[in-house]
Amino acid sequence: MFPVSLICFNSRIKFTMGTSPGSSSMPTQVGIAAVAVAFVAVLAMMLGAAADTMVAAVVVVVLGTWWWGGSTEVEPQYSGAKIEGDVVTLDFVKKMMDDFKNQKCLHKRYAFQIVLQMREMLRSQPSLVDINVPDGSHFTVCGDVHGQFYDLINIFELNGLPSEENPYLFNVDFVDRGSFSVEVILTLFALKCMCPSAIYLARGNHESRSMNKIYGFEGEVRSKLSEKFVELFAEVFCCLPLAHVINQKVFVVHGGLFSVDGVKLSDIKAVDRFCEPPEEGLMCELLWSDPQPFPGRGPSKRGVGLSFGADVTRKFLQDNNLDLIVRSHEVKDEGYEIEHDGKLITIFSAPNYCDQMGNKGAYIQFEAPDLKPNIVTFSAVPHPDVKPMAYANNFLRMFQ
């Protein structure tokens, strides 16, 4: 039997929803929010707290989609990829990727749904994520993509789409510089929504408001989606984990190591990452630091973070019982570079970076249990005639 409160809610509370000027009725979005909150409260009494938590997560995504983009109806003439219900499927992802290759847009309603679902998923993850790769299974790590969507598609054509049997870690800098950043981020987010264990995503120095404002992503989002998405992406980027550890052996981070010795994995897990990157401290150094060929530590060529030598790498690995560091953050002629006595690998997955550098791209395949790195390199593929930084700050475009 339904509780009395539910009967009272159904019979006594009535919303007249409307948004016309001068109307005294409740706005539609506020009414929907009130209904959703009441619905969750009722289920809490009926099913208990555990079930209510699960239902609440679904309601948050559905309500968020309505709040951010629910008024954006899907027009009858829209022929692009569609999400049926609440589940992102492989068929949807393939159709969306094909549309993107043909320079077609995803409807904003589905973009909202994907990004909101990602926000809820990422909020529950720790700042340092542990990844378990079973014996006999493989795992792929990619570096910077930087809005080069057609090269991202090439990676999947070479190495297969992400799945539970073919998992990936994309080690950040998904956006900026390349002018197909919206396509890149929606593809990676949709794949994560489709199968969370098939793809892991980390935060880099370009997943930040300041960088997005300068290097193109913010302008691209405004052009292809809307101003609302600028704020939403900024919020979701703050939820991305900062680092990953594969089988307690391989530490994967975008930038590098720290200005002090003795940093433990537990210290990284304890970092409060739900903010814009600070200018100093562990979070800043994880995102910005670079290796150097000589011992010790030195100032960063970037003006943020620091440079660290092989002795710093060796000490961090020993302190945390690790075997290898994989990082990204720097373009390399061959798409990768092995440094620090073989204990540190830089991987960069954006070939012919900015259509100018002529570099190869690369990714790393690991197979458990030994996790010996197998590095695969590839060349750039053609893309539509949209120049890098096409949506960037006008002042920067003067120098392109």
Side-chain angles (χ1 to χ4, degrees), residues 127-128 141-146 169-174 176-177 202-208 210-211 214-215 240-245 250-265 267-268 271 273 275-350 353-354 356-357 359-362 364 373 375:
S127 292
L128 174 67
V141 178
C142 297
D144 301 40
V145 178
H146 275 300
L169 165 58
F170 279 87
N171 197 29
V172 300
D173 277 8
F174 316 118
D176 281 338
R177 299 192 187 273
R203 190 175 189 178
N205 62 304
H206 275 268
E207 279 69 54
S208 69
S210 59
M211 301 297 280
I214 296 171
Y215 291 103
L240 286 163
L242 302 177
H244 294 75
V245 174
V250 181
F251 178 70
V252 187
V253 67
H254 180 64
L257 298 181
F258 312 102
S259 54
V260 295
D261 288 330
V263 175
K264 299 296 183 67
L265 297 181
D267 298 321
I268 300 171
V271 172
R273 70 184 189 276
C275 60
E276 289 299 311
E279 295 184 0
E280 59 184 9
L282 295 187
M283 181 173 173
C284 169
E285 291 162 359
L286 285 164
L287 302 182
W288 280 96
S289 294
D290 296 293
Q292 64 184 21
F294 37 88
R297 295 177 172 90
S300 170
K301 60 189 177 185
R302 305 173 189 269
V304 186
L306 69 145
S307 297
F308 59 96
D311 55 331
V312 177
T313 295
R314 183 169 54 252
K315 181 72 164 59
F316 176 79
L317 292 174
Q318 290 173 349
D319 287 348
N320 290 283
N321 196 28
L322 297 165
D323 295 340
L324 179 68
I325 294 174
V326 175
R327 45 91 62 180
S328 305
H329 197 39
E330 290 181 287
V331 61
K332 299 295 181 180
D333 287 344
E334 295 301 314
Y336 73 97
E337 186 173 356
I338 301 173
E339 303 172 79
H340 293 182
D341 304 318
K343 295 297 184 180
L344 184 146
I345 302 176
T346 296
I347 198 78
F348 194 83
S349 301
Y353 183 45
C354 292
Q356 295 179 346
M357 301 300 293
N359 61 290
K360 291 181 180 179
I364 306 176
I375 300 174

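Numbering of residues begins at 1 and proceeds along the displayed sequence. What you see is a predicted model, and the numbers here were worked out from it, not measured in a lab.
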Tell me if a side-chain donor or acceptor on [X] pairs with a main-chain N or O of [Y] at a distance below 3.5 Å.
| X | Y | answer |
| --- | --- | --- |
| Thr346 | Tyr336 | no |
| Ser349 | Gly361 | no |
| Gln318 | Lys315 | no |

- [ ] May I have the step-by-step check of side-chain contact (heavy atoms from CB on, under 4.5 Å) for Ile375 and Ile345, ending in yes or no?
- [x] CA-CA 10 Å; Ile375 300 174; Ile345 302 176; 4.3 Å; yes

Let me confirm one number: the [atom1]-[atom2] distance from [X] to [Y], rounded to the nearest 0.5 Å.
| X | Y | atom1 | atom2 | answer |
| --- | --- | --- | --- | --- |
| Ser328 | Ile347 | OG | CD1 | 7.5 Å |
| Ile268 | Arg273 | CD1 | CZ | 13.0 Å |
| Cys354 | Asn359 | SG | CG | 9.5 Å |
| Ser127 | Met283 | OG | CE | 8.0 Å |
| Phe251 | Ile325 | CZ | CD1 | 6.5 Å |
| Leu286 | Asn205 | CG | CG | 12.0 Å |

Quick check: are there more than 12 heavy atoms from other residues, nucleotides or ligands sitting under 6.0 Å from [atom1] of [X]?
| X | atom1 | result |
| --- | --- | --- |
| Glu276 | CD | yes |
| Asp261 | CG | yes |
| Phe316 | CZ | yes |

What heavy-atom pair brings [X] and [Y] nearest, and what distance separates the two atoms?
| X | Y | answer |
| --- | --- | --- |
| Val263 | Val260 | CG2-O, 3.9 Å |
| Trp288 | Met211 | CH2-CE, 3.9 Å |
| Ser300 | Ser307 | CA-OG, 4.0 Å |
| Asn171 | Ala202 | OD1-CB, 4.1 Å |
| Asp290 | Arg302 | OD2-NE, 2.6 Å |
| Gly262 | Asp267 | O-OD2, 3.9 Å |

TODO: Sort out for me which residue in Arg203, Arg327, His329 forms a side chain to side chain contact (heavy atoms under 4.5 Å, CB included) with Val253.
DONE: Arg327

So, do [X] and [Y] sit near enough that their side-chain heavy atoms are less than 4.5 Å apart?
| X | Y | answer |
| --- | --- | --- |
| Phe308 | Ser289 | yes |
| Leu240 | Val172 | no |
| Asn320 | Lys264 | yes |
| Leu265 | Leu322 | yes |

Open item on the list: I'd like to know whether the aromatic ring centres of Tyr353 and Phe348 sit less than 6.0 Å apart in this structure.
Closed with: yes

Open item on the list: Test of understanding: with side-chain hydrogen bond (donor to acceptor under 3.5 Å, both in side chains), list the residues that count as partners of His146, not counting sequence neighbours.
Closed with: Asp144, Asp173

Task: Those residues that, when tested against Ser259, pass side-chain hydrogen bond (donor to acceptor under 3.5 Å, both in side chains) (two or more places apart) - done: Glu285

Side-chain donor/acceptor pairs under 3.5 Å, residues 337-344, sequence neighbours excluded:
| unit_1 | atom_1 | unit_2 | atom_2 | d |
| --- | --- | --- | --- | --- |
| Glu337 | OE1 | Lys332 | NZ | 2.7 |
| His340 | ND1 | Thr313 | OG1 | 2.7 |
| His340 | NE2 | Gln292 | O | 2.9 |

